[in-house]
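Written out below as structure tokens is the structure these notes cover.
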Amino acid sequence: GMGNGAVFQLVPQRFRKEIGVMTGLVGMAGGVGGFYLASSLGYSKQAILLFKKASETQASKRGPDDYETLRVLNSLALTYQSDGQLDEAVRLAEDILQRTKATLGLEHHDTAAAMNSLGLIYSNAGKMDLALPLLEQSYQRLRDELGANHVKSTAAMANLANAHLR
């Protein structure tokens with residue numbers, strides 16, 4: 001709400017040269033905090049039901065491999081992760097990555113974003129041998145295609161940094 005707006009107003013004043021990186025980090029921290037809060041209050045179970053329903057609706061209207069369907073499924077995978085259902089999160093994220101590669105190709109930035117999500121889930125599941133190469137590759141691809149200051153690139157960089165801390 002207001003706190004988030006205030007932070008995003010202060011970032012450009014304090015971090016003029018690093019604005020892309022800082023807004024990515026602030027956004028990522030807000031996302032992590034939002035997932036943690038929802039999980040701790042028991043809202044993730046409801047979110048899982050809603051994401052399942054949304055993905056079924058998207059799949060019936062746009063197809064199971066449509067980008068929007070895969071995006072909703074990615075949110076479901078991340079919600080499974082925040083709820084501690086890591087095996088289900090890994091299974092779904094692996095499936096999403098394969099379907100994204102098949103639909104958009106290996107070089108598309110949304111494929112790199114799907115790689116980053118899977119790498120993040122692997123990292124949180126303690127599978128660092130799988131996480132680090134995916135996170136590194138996805139960060140490099142996003143940075144090369146979208147630029148170093150793009151929000152997806154900075155979020156991927158933050159995910160990679162966090163994985164190195166584990």
Side-chain angles (χ1 to χ4, degrees), residues 1 4-5 8 20 23-125 127 130-131 133-147 149-160 162-163:
N4 192 30
F8 275 106
T23 56
L25 291 173
V26 169
M28 183 209 60
V32 169
F35 271 123
Y36 175 75
L37 180 62
S39 180
S40 67
L41 295 175
Y43 294 141
S44 58
K45 302 288 188 218
Q46 182 65 24
I48 287 169
L49 293 174
L50 292 170
F51 280 130
K52 282 182 177 180
K53 177 69 175 164
S55 67
E56 291 166 6
T57 301
Q58 284 292 96
S60 70
K61 289 184 177 200
R62 301 181 72 137
D65 294 330
D66 179 77
Y67 171 70
E68 292 300 324
T69 303
L70 295 172
R71 209 166 59 97
V72 172
L73 286 171
N74 189 64
S75 295
L76 176 59
L78 292 170
T79 305
Y80 279 137
Q81 171 193 265
S82 72
D83 193 49
Q85 298 182 49
L86 295 175
D87 290 340
E88 186 62 21
V90 165
R91 184 203 61 76
L92 184 56
E94 287 174 339
D95 180 56
I96 291 165
L97 178 56
Q98 292 310 312
R99 290 162 62 186
T100 303
K101 282 181 185 177
T103 302
L104 300 175
L106 188 58
E107 300 303 319
H108 196 279
H109 64 88
D110 289 327
T111 302
M115 292 169 67
N116 194 264
S117 291
L118 178 56
L120 177 64
I121 292 169
Y122 278 154
S123 176
N124 287 318
K127 299 179 178 194
L130 299 173
L134 267 181
L135 291 168
E136 181 67 40
Q137 187 178 15
S138 66
Y139 167 61
Q140 288 175 359
R141 286 186 181 181
L142 289 165
R143 183 193 62 212
D144 292 348
E145 185 172 338
L146 301 175
N149 290 331
H150 191 279
V151 67
K152 287 184 179 181
S153 301
T154 57
M157 180 173 45
N159 288 341
L160 178 59
N162 282 324

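None of the values given here were measured: they were computed from a predicted structure.
Expressed to the nearest 0.5 Å, how far CG of L78 lies from OG of S117 amounts to 5.0 Å. Separating the CG atom in L134 from the CG atom in N116 is a distance of 8.5 Å, to the nearest 0.5 Å. Of the inter-residue distances, the one linking I121 atom CD1 with N74 atom CG reads 6.5 Å to the nearest 0.5 angstrom. Atoms CE and CG, on M115 and D110 in that order, are 13.0 Å from each other to the nearest 0.5 Å. Annotation: the span from L97 atom CG to S138 atom OG amounts to 10.0 Å, rounded to 0.5 Å.
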Would you be so kind as to tabulate the donor-acceptor pairs closer than 3.5 Å made by side chains of residues 48-55, with sequence neighbours excluded?
residue	atom	partner	partner atom	Å
S55	OG	F51	O	3.3
S55	OG	K52	O	2.8

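Inspection of the E136 and Q140 side chains reveals an N or O donor paired with an N or O acceptor under 3.5 Å. Side-chain atoms of Y122 and E94 include a donor-acceptor pair closer than 3.5 Å. Counting only N and O atoms by type, the side chains of D65 and T103 include no donor and acceptor under 3.5 Å apart.
With hydrogens and angles ignored, the 3.5 Å screen pairs a side-chain donor or acceptor of S153 with a backbone N or O of L142. Proximity of a side-chain donor or acceptor of T69 to a complementary backbone N or O of P64 within less than 3.5 Å is not detected. In terms of modelled atom types and a separation under 3.5 Å, the side chain of D83 and the main chain of Q85 share no donor-acceptor contact.
Residues satisfying the side chain to side chain donor-acceptor pair (under 3.5 Å) criterion with E56, sequence neighbours excluded, are absent altogether.
Salt bridge annotation for D95-R99: present, with a cationic side-chain nitrogen under 4.0 angstrom from a carboxylate oxygen.
When each of L120, L76, L92 is paired with Q81, the side-chain contact (heavy atoms from CB on, under 4.5 Å) condition holds for L120 and for no other.
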